Amino acid sequence: MSSVDSLSDELLVKVLGYLSPVELVDQTPLVCKKWRQLCFDSKVWDTLDLYHHREVTESQLRRIVWLHSSTRKLILRYRRDLSQRTLIWCFFHSNNLRDLDLSHCPQVNPKVVSAIVQFCKKLRNLNVNGCTGFDNECLLILTGCRKLRHLNFSECDTVTDFGFHAMSSFLPKLDSLLCDGVLSLHDEVIETLVTKKCDTITDLQLDGGNLTDEGVEMLSELVYLRRLRIQYCDNLTDEGIYDFHCLRYLEDLSLTRAHSFTSDGFISAFSRPHHFMRIVEITECSGLDDLSMIAIGRSCPNLTDLNISWCKNVTDDGIIGLMERVPQLQVLKLQNVKELCDFVALIPLYTPLLTHLNVISCSLVREEDLLAVSSQLPDLEIAYNRDLGCSPKASTKMLKYFDVMSPRQFAMTKRLNRMIARSIGNAGSC
């Protein structure tokens, strides 16, 4: 009878990779000499994830890092219990680190960032999303990390244009920048980004709260951009997106709260072929209509993921016109698009690869159509709500949702929570 000893070392290393860090350090090496040797294999410790292993204490973390300094990816997301001193100690002993996730760690400050720059010379990806202590000074220090390619400082709302200018000028290899929720960025930031990163930036996520059409229009000069996400487009109009057709390599486009865009703007933005486009998300936009949907379908024949939730002027004609042109569609989110009804029956014909359909608050969609489609496409998951009167036992593939927040409610709640968190932090410091 075969046993675990008959497995090759390569397979055993993969098996050991599923154990927790504490088990790998304290228990597994005691099994036998072979396992003890494999526990020190660099592949086992390539990724150290303390987000999913929150039982690891500070003293255990120090011991793990001391024994296994070959870690290339370190995930410390939401580990508020770790002291600043422990973080710096870990960076000192992690010279091979390429990927670091410190999102929502309030202990991140200029001193911690200085340790990252000083000791983690090979760092490529840094995530400090939601770190309230990450500010302009941190960005200035981070310019010493010359090999950095991906930076996420979303929701670090103490960062201003000054820090952004410094970062754009002194990080030559940066190609991915996520700064959603940084409310103080203005058009000058876009101008600097276009000037300094025109040939390198491929991934960009911004908060559009303080941006104007002039600033967004300049984004069309980032010709190699593959992903563009602009949140809170309340102040933008068609003039900002007219030239988006120049972004021919774009794969992912997201425009949320796009209240002022009209059909003419979308038709212009999608007037040329976007063969690389896979994901389109345009939410809360009353200007998106059937003609816009057909233009998107013509321009993006390889589309796989579409989200037009809360775009209430789209009807069956627009959805059907799009589905006829995008046979590879897999995800279709239509929450609260009220005028939809008959398109459901045509899903198996036009989009047989569909795996997820969201029709929450689409009150005209018929129960019998959903059941018929679900029986024809067994892998299809359908998100709906009680307005349709569907029985939970009708299909095991249907998902039932009862309480749903609108995107605006969600955004307001998110920002309110951030303000409360900052107020509590300021009160504690006093």
Side-chain angles (χ1 to χ4, degrees), residues 244-245 250-256 258 261-263 265-385 388 390 395 397-399:
F244 275 14
H245 57 77
L250 205 60
E251 299 175 4
D252 183 342
L253 175 64
S254 175
L255 303 170
T256 62
F261 295 145
T262 68
S263 178
F266 289 116
I267 291 174
S268 176
F270 292 96
S271 60
R272 294 182 184 177
H274 287 85
H275 294 294
F276 297 100
M277 189 79 77
R278 298 293 185 272
I279 302 173
V280 172
E281 178 181 3
I282 303 171
T283 61
E284 291 186 272
C285 179
S286 58
L288 192 73
D289 59 9
D290 294 340
L291 293 177
S292 306
M293 298 304 299
I294 294 173
I296 293 174
R298 287 174 177 168
S299 176
C300 312
N302 298 314
L303 196 67
T304 61
D305 192 325
L306 176 66
N307 182 1
I308 57 165
S309 298
W310 302 85
C311 297
K312 300 182 180 180
N313 287 328
V314 177
T315 69
D316 285 319
D317 292 337
I319 295 297
I320 294 172
L322 177 131
M323 291 195 307
E324 291 175 341
R325 295 167 171 84
V326 289
Q328 299 182 51
L329 194 66
Q330 298 176 18
V331 177
L332 182 58
K333 298 180 181 180
L334 305 169
Q335 181 177 335
N336 207 54
V337 184
K338 298 290 189 179
E339 301 298 323
L340 300 181
C341 177
D342 299 330
F343 82 98
V344 175
L346 299 174
I347 287 177
L349 175 62
Y350 293 130
T351 55
L353 301 180
L354 200 67
T355 58
H356 180 83
L357 174 65
N358 185 335
V359 288
I360 293 175
S361 300
C362 298
S363 54
L364 298 181
V365 174
R366 293 182 291 268
E367 175 183 355
E368 56 269 23
D369 289 340
L370 289 177
L371 295 176
V373 170
S374 182
S375 64
Q376 295 179 61
L377 302 177
D379 294 329
L380 178 62
E381 293 181 340
I382 303 176
Y384 68 103
N385 60 357
L388 299 179
C390 296
S395 171
K397 291 297 181 181
M398 285 190 175
L399 308 176

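Nothing here was measured: the structure is a model prediction, and the numbers come from that model.
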Indicate whether the side chain of [X] and that of [Y] have a donor and an acceptor atom separated by less than 3.5 Å.
X    : Y    : result
E281 : S254 : yes
S263 : S292 : yes
S271 : H245 : no
D379 : T355 : no

Validation row: [X], [Y] side chains within 4.5 angstrom (heavy atoms):
X    : Y    : answer
F276 : N302 : no
F343 : V359 : yes
N313 : E339 : no
S286 : K312 : no
S374 : I382 : yes
V314 : I319 : yes
V280 : N307 : no
L346 : V344 : no

Side chain D316, main chain C341, donor-acceptor under 3.5 Å |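 Here the side-chain-to-backbone pair exists.
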Are any side-chain N or O atoms of S375 and backbone N or O atoms of A372, one a donor and one an acceptor, separated by less than 3.5 Å?
->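 Answer holds: yes.
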Mind listing the closest non-hydrogen atom pair of [X] and [Y] along with its distance?
X    : Y    : result
L354 : L380 : O-CD1, 3.6 Å
S299 : F270 : CB-O, 3.3 Å
I308 : V337 : O-CG2, 3.5 Å
L329 : T351 : CB-CG2, 3.9 Å
R325 : G297 : CB-O, 3.6 Å
C311 : L288 : SG-CD2, 3.7 Å

Do NZ/NE/NH1/NH2 and the carboxylate oxygens of R366 and D342 come within less than 4.0 Å?
->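 So R366 pairs with D342 through a salt bridge.
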Intermediate values then yes/no, side chain to side chain contact (heavy atoms under 4.5 Å, CB included), Q328 and L303 = CA-CA 6 Å; Q328 299 182 51; L303 196 67; over 6 Å; no
Using 0.5 Å steps for rounding, measure from the [atom1] atom of [X] to the [atom2] atom of [Y].
X    : Y    : atom1 : atom2 : value
Q330 : R278 : CD    : CZ    : 10.0 Å
Y384 : L370 : OH    : CG    : 8.5 Å
L371 : Q376 : CG    : CD    : 11.5 Å
N358 : L332 : CG    : CG    : 8.5 Å
H274 : F244 : NE2   : CZ    : 9.5 Å
C362 : L357 : SG    : CG    : 8.0 Å

Intermediate values then yes/no, side chain to side chain contact (heavy atoms under 4.5 Å, CB included), L322 and L306 | CA-CA 10 Å; L322 177 131; L306 176 66; 3.8 Å; yes
Carefully, step by step, assess F266 and I282 under the rule side chain to side chain contact (heavy atoms under 4.5 Å, CB included).
-> CA-CA 10 Å; F266 289 116; I282 303 171; 3.5 Å; yes
Trace of the side chain to side chain contact (heavy atoms under 4.5 Å, CB included) decision for I279 with E251 = CA-CA 6 Å; I279 302 173; E251 299 175 4; over 6 Å; no
